[in-house]
Amino acid sequence: MQDHHTHDAFTSLYPDVDPGTPIPVSSGERISTGVAAATLAYGAAGMDIVVTIAGLALVIISLAVPAASVKRRIRREARTRFPREPWAESALLNNVNTNLFVPVFWAFIAASSLGIGYFLPADLLTRGGINWGAVAAAVIAFITTWFMPGLSPVWLGRKKPDPDRAPHHQSPAPRDSTGAPHTTGDTSVLDLSGTPVNPIRP
């Protein structure tokens with residue numbers, strides 16, 4: 001359990017940072033990373049070293065630029081200084097081993113691209129001056145990147161409900177054997193305004 005004073009220090013230093021709400025990856029960022037990966041795969045499948053190097057540079061830029069944004073840098077700093085806050089990124093790491101799955105996704109892109117370029121001759125896949133094997137590798141890379149953990153929101157899942165914020169339901173009043181509400185000796189009743197009124201005794 002985190003220290004109360006530590007949490008107060010966190011909210012004081014980072015009032016705009018919500019640990020439970022991660023900064024979402026925009027569609028533009030996902031598209032740029034997908035296009036960069038597709039360029040890299042196209043060059044690798046087509047055995048074009050220039051396009052491959054250009055695609056690799058685009059991948060590095062597409063990943064580095066969003067990470068350097070002000071909001072993400074502040075959030076990274078807050079996570080480093082206050083690691084015991086309930087960070088959504090930590091929950092993602094617990095639910096999805098991104099350290100394993102992200103390299104696996106990139107390895108799949110590399111294997112499919114190099115496999116197409118090495119095992120399928122370009123002259124058999126080239127029609128109308130277009131290497132369709134390289135195009136297929138680019139499409140595979142784009143789709144794989146689009147659904148990659150850390151880029152796709154489908155891996156975030158649903159938040160667990162906070163038990164402290166769950167609505168509390170009032171238990172029904174106990175009843176006696178006749179079905180009437182059981183009283184505890186207090187014979188006062190409430191009128192429509194909510195004011196206790198003593199009933200008229202005989």
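Positions are given from 1, in the same order as the sequence printed here.
The distance from atom CD of E77 to atom OG1 of T80, rounded to the nearest 0.5 Å, is 7.5 Å. Between the CE atom of M148 and the CZ atom of F101 there is a distance of 12.5 Å, given to the nearest 0.5 Å.
Applying the salt bridge (charged side-chain N to carboxylate O under 4.0 Å, His left out) criterion to R72, with sequence neighbours excluded, gives E29. Every residue meeting the ring-ring contact (aromatic ring centres under 6.0 Å, His included) condition with F82, not counting sequence neighbours, appears here in chain and number order: F10.
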Given the rule in the side-chain contact (heavy atoms from CB on, under 4.5 Å) test, do D16 and K71 qualify, once you have shown the distances and angles that lead to the verdict? CA-CA 10 Å; D16 298 329; K71 288 185 177 181; over 6 Å; no

Is there a side-chain contact (heavy atoms from CB on, under 4.5 Å) between W87 and D18 once you walk through the steps? CA-CA 8 Å; W87 296 103; D18 180 8; over 6 Å; no

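Of all heavy-atom pairs spanning W146 and I31, the tightest one is CZ3-CG1, 3.7 Å.
Under a hydrophobic-cluster definition in which Ile, Leu, Val, Met, Phe, Trp and Tyr are linked whenever side-chain heavy atoms come within less than 4.5 Å, directly or via other members, I130 and V51 are assigned to the same cluster. Hydrophobic clustering (ILVMFWY, side-chain heavy atoms < 4.5 Å, transitive): V35 and F147 are in one cluster. Under a hydrophobic-cluster definition in which Ile, Leu, Val, Met, Phe, Trp and Tyr are linked whenever side-chain heavy atoms come within less than 4.5 Å, directly or via other members, V102 and L151 are assigned to the same cluster.
Under the 4.5 Å side-chain criterion, counting only non-hydrogen atoms from C-beta, R75 is not in contact with Y14. Between R30 and T145, the closest side-chain pair of non-hydrogen atoms is not below 4.5 Å.
For residues 32-73, there are no ring-ring contact (aromatic ring centres under 6.0 Å, His included) pairs, not counting sequence neighbours.
Annotation for W132: atom CH2 does not count as buried by contact number, only 12 or fewer foreign heavy atoms lying within 6.0 Å.
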Donor-acceptor contacts under 3.5 Å from residues 133-143 side chains, at least two apart:
none

Name every donor-acceptor pair, under 3.5 Å, that has one atom in a side chain of residues 109-121 and the other anywhere in the protein, sequence neighbours excluded.
{"unit_1": "S112", "atom_1": "OG", "unit_2": "F108", "atom_2": "O", "d": "3.0"}
{"unit_1": "S112", "atom_1": "OG", "unit_2": "I109", "atom_2": "O", "d": "3.0"}
{"unit_1": "S113", "atom_1": "OG", "unit_2": "I109", "atom_2": "O", "d": "2.8"}

Identify all side-chain donor-acceptor contacts of residues 52-70 below 3.5 Å with residues at least two apart in sequence or on another chain.
{"unit_1": "T52", "atom_1": "OG1", "unit_2": "G43", "atom_2": "O", "d": "3.1"}
{"unit_1": "T52", "atom_1": "OG1", "unit_2": "A44", "atom_2": "N", "d": "3.2"}
{"unit_1": "T52", "atom_1": "OG1", "unit_2": "D48", "atom_2": "O", "d": "2.7"}
{"unit_1": "S62", "atom_1": "OG", "unit_2": "L58", "atom_2": "O", "d": "3.1"}
{"unit_1": "S62", "atom_1": "OG", "unit_2": "V59", "atom_2": "O", "d": "2.9"}
{"unit_1": "S69", "atom_1": "OG", "unit_2": "P66", "atom_2": "O", "d": "3.0"}

